[in-house]
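Structure, as structure tokens:
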Amino acid sequence: MLNNLKQTFSKQFGQECQRTFFAPGRVNLIGEHIDYNGGLVMPCAVTYGTYLLTAPNKDGIFRFSSVNFPETYETPVLPEYSKTGKEWFNYPLGVIHNFVADKKEVQGLDLLFYGDLPIGAGLSSSASLEVVIAYALNTIFKTGYSKLDLVKLTKRVENEFIGVNSGIMDQFAVTFGEKNKALKLDCESLEYQAVECDLADNLLAIINTNKPRKLAESKYNERVSECAQALEALQTELSIDNLCDINTQTFEAHKHLIKDPTVQKRAQHVIEENDRVQLAASALAAHKLDEFGRLMFASHDSLQSLYEVSGIELDTIVAFCKTYSGVTGARMTGAGFGGCAIALVKKDKFEDFSKSITDHYSNTIGYAPSVYSSEIGTGVVEL
Ligand code: GLA
């Protein structure tokens with residue numbers, strides 16, 4: 001595969017590729033819609049992701065090209081950039097913008113991207129794209145950013161350049177992921193532990209709804225602002241900075257402060273989900289996979305009924321998983337509104353699971369899902 005990409009690079013740019021980088025996508029095992037509320041999440045990197053092949057050019061131009069998309073783009077090195085349309089190259093452009101806006105020295109590069117992640121499906125294809133170019137620029141131009149700087153810089157691209165008010169989880173997982181480990185990350189302090197993720201006789205299955213995600217960004221931003229409203233209401237009596245600063249008990253005693261019932265439901269999800277992450281981390285450490293699976297199902301139920309970011313497609317998948325004896329736990333992963341679900345599936349049942357869920361989903365929804373299995377991979381690297 002890499003050899004083919006190198007040939008494509010040479011054909012495209014008339015010179016050999018000099019360096020190759022890879023950043024993975026991620027799944028979040030549990031802790032959904034928590035990161036922008038200052039709580040705990042548990043993502044891990046997958047082995048699918050974005051490859052970047054690159055070589056400097058003498059023209060002082062950034063040339064962007066992708067195996068996945070027909071559109072290419074080029075621009076000279078400038079002191080700043082702004083978003084142009086909605087195409088894929090805005091993500092790397094936003095990263096370069098943050099480097100130059102921060103007065104970092106960069107020079108022209110030929111850049112070829114290739115992603116084997118389903119795009120826009122909740123597996124952080126955009127964070128993977130942002131982090132791979134940020135890591136490459138930092139390495140090639142010896143910019144001196146730490147990995148954590150790169151996480152913060154790429155999150156700013158998403159928030160300010162692209163315009164989605166997302167939290168820090170995706171960029172963090174894509175950067176710091178470790179093989180066979182989940183990251184238990186405190187999104188407020190940014191302290192994390194890489195927790196051994198022993199799935200015993202289970203494998204990690206990813207089921208893509210293949211639902212086109214319309215309106216996902218505006219719905220996401222709506223949830224972020226509902227949480228801000230909930231926080232403001234609670235702050236009239238509680239001295240807290242984030243919704244995740246309180247546990248379920250404190251929430252129960254103060255939830256009357258949140259007058260809007262919808263906003264109250266959103267806060268309930270966040271606070272209970274944050275508690276579930278603690279329980280899930282303990283269950284994983286104690287090798288209690290059944291308990292972990294039960295918490296995954298509970299997380300999904302809450303995202304479905306309290307946070308309302310699921311949908312018929314994801315619910316069909318998770319409902320099927322509840323009745324299928326080879327599944328230990330399942331839930332939607334990522335922002336929701338379509339995208340992917342994950343499931344812990346007994347290894348010896350995976351083939352049958354894959355076929356059965358494809359049949360069931362196709363009959364119910366009218367088109368097929370895609371089913372993958374993934375190892376837990378490492379974060380961004382130069383290959
Ligand atoms: C998206 C965002 C993340 C996080 C998840 C939901 O993936 O990019 O920051 O909020 O949704 O947990």
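Order of listing sets the numbers, starting from 1, for every ligand and every atom in it. Along the sequence shown, the residues carry numbers beginning at 1. The analysis underlying the following values was restricted to heavy atoms, covering all of them including side chains, and did not include hydrogens, waters or symmetry mates.
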Subject >> Trace of the side-chain contact (heavy atoms from CB on, under 4.5 Å) decision for Y324 with D352 >> reply: CA-CA 10 Å; Y324 187 89; D352 180 73; 2.6 Å; yes
Subject >> Check: L29 and F292 side chains under 4.5 Å, non-hydrogen atoms >> reply: yes
**OP:** Evaluate the side-chain contact (heavy atoms from CB on, under 4.5 Å) criterion for residues R331 and L295: first the C-alpha distance (whole Å), next the side-chain angles of each, then the deciding distance (0.1 Å), finally the verdict.
**Re:** CA-CA 9 Å; R331 57 185 291 278; L295 291 160; over 6 Å; no
**OP:** Just jot down the salt bridge (Lys or Arg N to Asp or Glu O under 4.0 Å) partners of E232, sequence neighbours excluded, or say none.
**Re:** none
**OP:** Can you tell me which residue pairs pass the salt bridge (Lys or Arg N to Asp or Glu O under 4.0 Å) test with a partner in residues 258-271, sequence neighbours excluded?
**Re:** E226-R266, K265-E308, R266-E308
Original post:
Tracing side-chain links under 4.5 Å among I, L, V, M, F, W and Y, which residues wind up in one group with L5?
Top reply: M1, L2, F9, F13, F22, Y51, L53, V67, L112, Y114, V381, L383
**OP:** Could you name the protein residues that come within less than 4.0 Å of ligand 1, counting only heavy atoms, and order them by chain and residue number?
**Re:** R26, E32, H33, D35, Y36, S166, G167, M169, D170, Y220, G334, A335
